[in-house]
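Here is the structure we will look at, set down as structure tokens.
The basis for the numbers below is simple: all heavy atoms, side chains too, and nothing from hydrogens, waters or symmetry mates.
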Amino acid sequence: GGGGGASMLWDGLSDDAFVPSSSNSFNVISRSGITPTTGGMQTEGYTISYQAIGTCNRLLANIDRITALSEEERNVYKAEARFIRAHYYFLLTRLYGDVPLTLQPLGLDDASAMLPRTSKAQVLTAVLEDLDFAAENLPNTSYSGHAVRGAALGYKVRVLLTNKQWASAAETAQTIMSEKIFSIYQGGYRNLFRKPGQNNNPEIMFSARFLPPNMYSPADMMYSYLKAVQPMHYLVDSYACTDGKSINESPLYNAENPYENRDPRLKASIIYEGVWRGTDASSAFDPVFENILGGYLPRKYINETKWPTSYATQSDQDWVFLRYADVLLMYAEARNEVSGPDQSVIDAINQVRSRADVNMPIIRLNDGYNGETMRQLIRQERRVELALEGQRYFDLKRWGIIKEVMDNTQDPDGASRLFQARDTLWPVPQSEVDIAKSLGNEGYKQTPGF
């Protein structure tokens, strides 16, 4: 579905990328074709999340029976399970709004069968309680595969920010920053998304980890061979020039040589005509030959040594769900919403922009920013820093601008995007509604508008 190495598919629901295949229904959803029976991600976002939650609930209900573990050891396992449970309940609220809330294993009893769709606010209360427990009981160390305190706090920032609890979001992000466990990686922006740069990386706070051959990443197979996600010109054009000005304003921009003098994150993230997909000139990308209508493929998460790729390609790239740059930008956004731009907002953004191999011009407090102009700068910085990491769709939704943006977006195949207000929350699988109805469960109804 949309998890692990397939997370880039979420960008196909935004103005950053195009999903050409109907597989997983992302392109159907992107054109407002979602219904209760669409299937693909519309169903998997629900069922896979509850499978994970059910697993966590079973562990939490039974782990105290393992007397060979100390209480401290049990609490670490509980904290990991509650962190994962929070991750999935948060996703459920982002997609469906009100969803059934259960913190115990379900059975075949009447109480299990009659669970209603619990209010989103009540589910989020449980999510924050899980994340608080995780933050108190997980080790306060760098990330090495198991959830740590910083990951729990980072997810808490994301939950609070999504629900416009600005002051609490800024305070929680400040806690992460002040504890100084994580930092901006200086070993190359592109190496954040491929091995060995991901090993012991000080910026990565939580990820889906892969180790071939038993558990391998689909990144190169999906994005290089199947071309499952194709960046669009809207994203490419959003990268500023090296003077910090947009391509519409900068004298450095040359339409005949459009990829020079641009934010270095563009070349690190996007394959355009002439870029080597492999390790020699024979692999130079030709979008016409490869029938890539928009002209671009992802470079982020791609390992050129795997070229030529196939269905059999086994990649080892970890998929990064949370990194310190995101925390800094979330802090800047939340703090700006609380009190407007101040030096701490400027400093957080500049830490991201001044990464050694990015080195975009720093911004200054006396540059004349107000709350609105700083808001737009932060949104732009999120777009280019987190491009193709599965974030843009959720950002557009929480900013309340997704309809405006998507109604002015056209896919490379000529189809127009469309976003109806009802699409802000997805329909749950119709099969779930039918089962509830057959049992007389009046508290479980389809999402309004469907």
Self-check item: ring pair (Phe, Tyr, Trp, His ring centres under 6.0 Å) partners of residues 166-205, not counting sequence neighbours, each pair once
Solution: Tyr189-Phe193, Phe193-Tyr301
Exercise. Without swapping roles, check the side chain of Asn336 against the backbone of Gly371 for a donor-acceptor pair under 3.5 Å.
Key: yes
Practice problem: Start with the C-alpha distance between Leu377 and Ile363, add both sets of side-chain angles, then the distance that settles side-chain contact (heavy atoms from CB on, under 4.5 Å), and finish with yes or no. | Solution: CA-CA 10 Å; Leu377 185 147; Ile363 58 174; 4.0 Å; yes
Quiz item: Side chains of Tyr50 and Val99: does their closest heavy-atom pair fall under 4.5 Å?
Solution: yes
Self-check item: Residues, nucleotides or ligands: over 12 heavy atoms within 6.0 Å of Lys164 NZ
Solution: yes
Practice problem: Using a strict 4.0 Å threshold on nitrogen-to-oxygen distance, state whether Arg190 and Glu304 make a salt bridge. | Solution: yes
Practice problem: Tell me whether the centres of the aromatic rings in Phe90 and Tyr155 are closer together than 6.0 Å. | Solution: no
Quiz item: Is Arg262 close enough and on-axis enough to Tyr239, meaning under 6.0 Å and within 45°, for cation-pi?
Solution: no
Quiz item: Parallel, tilted or perpendicular for Tyr223 and Trp319, by the 30°/60° rule?
Solution: tilted
Quiz item: Between Met330 and Arg382, does a side-chain contact (heavy atoms from CB on, under 4.5 Å) hold up when you go through it step by step?
Solution: CA-CA 9 Å; Met330 288 193 290; Arg382 283 189 67 82; 3.6 Å; yes
Quiz item: Judged by modelled atom types alone, do Gln380 and Gln376 share a side-chain donor-acceptor pair under 3.5 Å?
Solution: no
Practice problem: Please confirm whether Tyr272 and Tyr259 have ring centers closer than 6.0 angstrom. | Solution: yes
Quiz item: Do the non-hydrogen side-chain atoms of Leu13 and Phe26 ever get within less than 4.5 Å of each other?
Solution: yes
Self-check item: Heavy-atom closest contact (Leu138 atom, Val76 atom, distance)
Solution: CD2-O, 4.0 Å
Quiz item: Salt bridge between Glu290 and Lys227, side-chain N to carboxylate O under 4.0 Å?
Solution: yes
Quiz prompt | Ion pair check, Glu179 and Arg149, cut-off under 4.0 Å | solution = yes
Quiz item: Atom OG in Ser224, atom CD1 in Ile302: separation rounded to 0.5 Å?
Solution: 5.0 Å
Quiz item: Where do Ala356 and Gln186 come nearest, in terms of heavy atoms and distance?
Solution: N-OE1, 2.7 Å
Quiz item: Above 12 or not: heavy atoms from other molecules or residues under 6.0 Å from CD of Glu171?
Solution: no
Practice problem: Mark yes when over 12 heavy atoms from residues, nucleotides or ligands other than Arg364 sit less than 6.0 Å from its CZ; otherwise mark no. | Solution: no
Quiz item: Counting distance only, does the side-chain N/O of Thr409 pair as donor-acceptor with the main-chain N or O of Val405 below 3.5 Å?
Solution: yes
Self-check item: Non-hydrogen atoms of Glu385 and Ala325 that approach each other most closely
Solution: OE2-CB, 3.5 Å
Quiz item: Going by atom types alone, do Gln317 and Gln198 pair a side-chain donor with an acceptor below 3.5 Å?
Solution: no
Self-check item: Main-chain N/O of Ile270 paired to Lys300 side chain as donor or acceptor, under 3.5 Å
Solution: no
Quiz item: With a 4.0 Å cut-off, would you call Lys195 and Asp318 a salt bridge?
Solution: yes
Quiz item: If you look at every heavy atom in Val384 and Ser238, which pair is closest and at what distance?
Solution: CG1-OG, 3.9 Å
Quiz item: Taking C-beta and beyond as the side chain, do Lys267 and Glu260 meet within less than 4.5 Å on heavy atoms?
Solution: yes
Quiz item: Where is the tightest heavy-atom contact between Ile184 and Gln351, given as atom of each residue plus distance?
Solution: CG1-O, 3.8 Å
Quiz item: Is it the case that Ser344 and Tyr331 place a side-chain donor and acceptor less than 3.5 Å from each other?
Solution: yes
Quiz item: Can you name the closest pair of heavy atoms from Trp426 and Thr447 and give their distance?
Solution: O-OG1, 2.8 Å
Quiz item: Is it true that the side chains of Gln343 and Asp347 contain a donor and an acceptor less than 3.5 Å apart?
Solution: yes
Self-check item: Backbone N/O of Pro361 and side chain of Arg353: donor-acceptor pair under 3.5 Å
Solution: yes
Quiz item: So, Asp243 versus Ser250: side-chain donor-acceptor pair below 3.5 Å or not?
Solution: yes
Quiz item: Do Leu388 and Arg299 pass the side-chain contact (heavy atoms from CB on, under 4.5 Å) test, and can you show the C-alpha distance, the side-chain angles, and the key distance before you say yes or no?
Solution: CA-CA 10 Å; Leu388 305 177; Arg299 195 177 192 199; over 6 Å; no
Quiz item: Quick one: do Asp16 and Arg383 make a salt bridge, cutoff under 4.0 Å?
Solution: yes
Quiz item: Mind checking whether Asn137 and Arg82 have side chains closer than 4.5 Å, heavy atoms only?
Solution: no
Quiz item: Residues in side chain to side chain donor-acceptor pair (under 3.5 Å) with Gln391, at least two apart?
Solution: Asp326
Quiz item: Crowded around Asn199 CG? As in, over 12 foreign heavy atoms under 6.0 Å?
Solution: yes
Exercise. Output yes when Arg323 and Glu389 qualify as a salt bridge under the 4.0 Å nitrogen-oxygen rule, no when they do not.
Key: yes
Quiz item: Thr35 and Thr38: side-chain donor and acceptor closer than 3.5 Å?
Solution: yes
Quiz item: Can you list the residues that meet the ring-ring contact (aromatic ring centres under 6.0 Å, His included) rule with Phe289, with sequence neighbours excluded?
Solution: none
Quiz prompt | Pairing of Arg392 and Asp15 as salt bridge, 4.0 angstrom limit | solution = yes
Quiz prompt | Pair Arg117 + Glu432, salt bridge at N-O below 4.0 Å | solution = no
Quiz prompt | From Asn163 atom CG to Ser168 atom OG, the distance as rounded to the nearest 0.5 Å | solution = 11.5 Å
Quiz item: From Ser310 OG over to Leu226 CG, what is the distance, rounded to the nearest 0.5 angstrom?
Solution: 9.5 Å
Quiz item: With a 4.5 Å limit on heavy-atom distance, are the side chains of Phe18 and Asp413 in contact?
Solution: yes
Quiz item: Can you check side-chain hydrogen bond (donor to acceptor under 3.5 Å, both in side chains) on Trp399 and Glu404, steps first, answer last?
Solution: CA-CA 11 Å; Trp399 292 331; Glu404 170 191 345; over 6 Å; no
Self-check item: Close side-chain approach of Pro202 to Tyr143, heavy-atom, < 4.5 Å
Solution: no
Self-check item: Aromatic ring proximity Tyr296/His233, centre distance under 6.0 Å
Solution: no
Quiz item: Is there a side-chain contact between Phe394 and Ile402, using heavy atoms and a 4.5 Å cut-off?
Solution: no
Quiz prompt | Distance-only side-chain donor-acceptor flag, Ser30 / Asn27, under 3.5 Å | solution = no
Practice problem: May I ask you to say whether Glu80 pairs ionically with Arg85, meaning some side-chain N is under 4.0 Å from a carboxylate O? | Solution: no
Quiz item: Got a donor-acceptor contact below 3.5 angstrom from the Asp98 side chain to the Lys120 backbone?
Solution: yes
Exercise. Report the C-alpha separation of Leu418 and Asp407 in whole Å, then their side-chain angles, then the decisive distance to 0.1 Å, and conclude whether the side-chain contact (heavy atoms from CB on, under 4.5 Å) test is met.
Key: CA-CA 5 Å; Leu418 177 66; Asp407 285 357; 3.9 Å; yes
Practice problem: Give a yes-or-no answer on whether the side chains of Asp220 and Ser315 include a donor-acceptor pair shorter than 3.5 Å. | Solution: yes
Quiz item: Under 3.5 Å, is there a donor-acceptor pair between the Asn248 and Ser246 side chains?
Solution: no
Quiz item: Heavy atoms, side chains only, cut-off 4.5 Å: are Phe419 and Ser32 in contact?
Solution: no
